[in-house]
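Following: one structure in structure tokens, then a few remarks.
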Amino acid sequence: MAALAAGCFLPLLAAAPALADELPQGDPGVQTDTGVPAVEAVPDVMPLPAVEAVPVVETVPEPVKQVRAVKGVKGARAGKIGVLRPGDRGEMVRQLQRRLHDGGFYFGQAHGVYDEQTRYAVWGLHKSRGMVPRGEVGPKTWAALRRSKGLRPLVPQGGADRIEISLTRQLLTIYRDNRPVLVTHVSTGAEVQYCEKGHCGNAVTPVGDFRVTRKAPGWTTGLLGSMFNSLYFVGGIAMHGSTEVPLRPASHGCVRMPLSTSVRVFNMVKEGEPVYVRGQI
């Protein structure tokens with residue numbers, strides 16, 4: 001248990017609670033529109049030498065010049081739409097955000113800007129439908145939003161209300177009355193040894209059956225970094241919001257979530273709720 005507790009550690013300093021469905025303003029580590037953190041230190045960032053970083057915006061072919069009709073999506077020109085990419089703005093992005101929200105993937109504002117939180121939601125949708133997570137949104141993504149069928153439950157008999165975490169797909173799903181109501185892209189333990197600030201351990205998210213043992217609202221700071229809206233489920237390992245949730249396992253053992261999604265998760269989940277972690281990276 002001591003090795004597991006080294007994953008993220010319990011907080012040393014707690015900030016004021018932040019429970020609304022809005023991101024905190026001016027909190028440590030919140031990224032700007034340019035993708036640069038507001039402070040130098042990045043919460044719960046696992047130093048991983050010789051590991052290739054995932055690009056923020058994935059390389060895609062030349063922009064699609066010919067707009068294609070997408071059934072069921074209202075566009076600016078009689079239901080026609082091109083490919084959306086991170087950085088795009090407008091009504092179609094707003095519609096995308098609303099559709100992602102309705103599907104349980106996005107919980108920020110429908111402000112019409114394809115920002116980082118929107119990209120995380122698109123990744124979650126893609127992975128839940130068995131697609132390769134990408135940044136661009138085209139006809140296949142719109143079609144995936146229309147499909148209600150996603151991943152099979154990891155623990156069908158785990159209880160009507162539960163949390164499932166797939167290490168294989170890097171996905172977290174919340175069930176209510178045996179129905180998935182929230183699905184989010186996550187980044188779990190990098191599964192490497194580390195030594196940081198005089199402390200050494202294994203960056204592992206443990207597999208097994210757990211329960212939420214403690215909730216820590218707002219920003220908290222531990223020996224290995226800062227976390228937002230933390231839900232501890234084994235020792236010092238928690239599900240929490242982070243400014244960086246890459247397309248690879250990269251934490252000290254915690255389960256990183258997008259900031260906006262972590263607000264909704266924190267409000268939904270109660271202490272004592274079952275948490276099931278399955279799979280491998």
Is Arg214 salt-bridged to Glu273, going by a charged N under 4.0 Å from an acidic O?
no
Describe, in one word, how the ring planes of His252 and Tyr194 are oriented to each other, choosing from parallel (under 30°), tilted (30 to 60°) and perpendicular (over 60°).
perpendicular
Minimum side-chain heavy-atom gap Asp161-Asp177 below 4.5 Å
yes
Is the shortest heavy-atom distance from the side chain of Leu231 to the side chain of His240 under 4.5 Å?
no
Do Arg119's NZ or CZ and the ring of Trp123 fall within the cation-pi criteria of under 6.0 Å and 45°?
yes
Minimum heavy-atom separation for Met239 and Leu172, please, with both atom names.
SD-CD1, 3.6 Å
Heavy atoms of Lys270 and Val212 approach each other most closely as O-CB, 3.7 Å
Cluster link Ile174 to Val186, ILVMFWY, side chain under 4.5 Å
yes
Of the non-hydrogen atoms in Ser230 and Phe266, which two are nearest, and what is the gap between them?
O-CE1, 3.6 Å
Within-4.5 Å side-chain heavy-atom neighbours: His126 and Val132
no
Side chains of Val83 and Val137, heavy atoms from C-beta outward: is any pair under 4.5 Å?
no
No-hydrogen, no-angle side-chain donor-acceptor test under 3.5 Å, Thr221 and Ser226:
yes
Could you tell me which non-hydrogen atom of Ser187 sits nearest to which non-hydrogen atom of Val245, and how far apart they are?
N-CG1, 3.7 Å
Donor-acceptor check, side chain of Ser251 to backbone of Cys254, threshold 3.5 angstrom: yes or no?
yes
Find out if a path of hydrophobic residues (ILVMFWY) with successive side-chain heavy-atom gaps under 4.5 Å connects Ile237 to Val207.
yes
Same cluster or not: Leu154 versus Phe210, using hydrophobic residues (I, L, V, M, F, W, Y) connected whenever any side-chain heavy atoms lie under 4.5 Å apart?
no
Please determine whether salt bridge (Lys or Arg N to Asp or Glu O under 4.0 Å) holds for the pair Arg169 and Glu164, giving the CA-CA distance in whole Å, both sets of side-chain angles, and the decisive distance to 0.1 Å.
CA-CA 11 Å; Arg169 292 185 179 266; Glu164 295 186 348; over 6 Å; no
Are side-chain heavy atoms of Met92 and Arg94 found at a separation under 4.5 Å?
no
Please report the closest heavy-atom contact between Ser128 and Leu125, naming both atoms and the distance.
OG-O, 2.8 Å
For the residue pair Thr188 / Gln170, report whether a side-chain donor-acceptor contact shorter than 3.5 Å exists.
yes
Dump the intermediate steps for salt bridge (Lys or Arg N to Asp or Glu O under 4.0 Å) on Arg162 and Asp209, then the final yes or no.
CA-CA 11 Å; Arg162 66 188 186 274; Asp209 300 351; over 6 Å; no
Are any of the side-chain heavy atoms of Arg89 and Val113 separated by less than 4.5 Å?
yes
Is there a side-chain contact between Tyr175 and Val181 in this structure, where contact means two heavy atoms from C-beta onward sitting under 4.5 Å apart?
no
If we ignore hydrogens and angles and just use 3.5 Å, is the side chain of Asp88 paired with the main-chain N or O of Arg85 as donor and acceptor?
yes
Gln117 side chain to Ser260 side chain, donor-acceptor N/O pair below 3.5 angstrom:
yes
What's the verdict on side chain to side chain contact (heavy atoms under 4.5 Å, CB included) for Ile163 and Tyr276, showing C-alpha distance, side-chain angles and the deciding distance?
CA-CA 6 Å; Ile163 303 165; Tyr276 299 100; over 6 Å; no
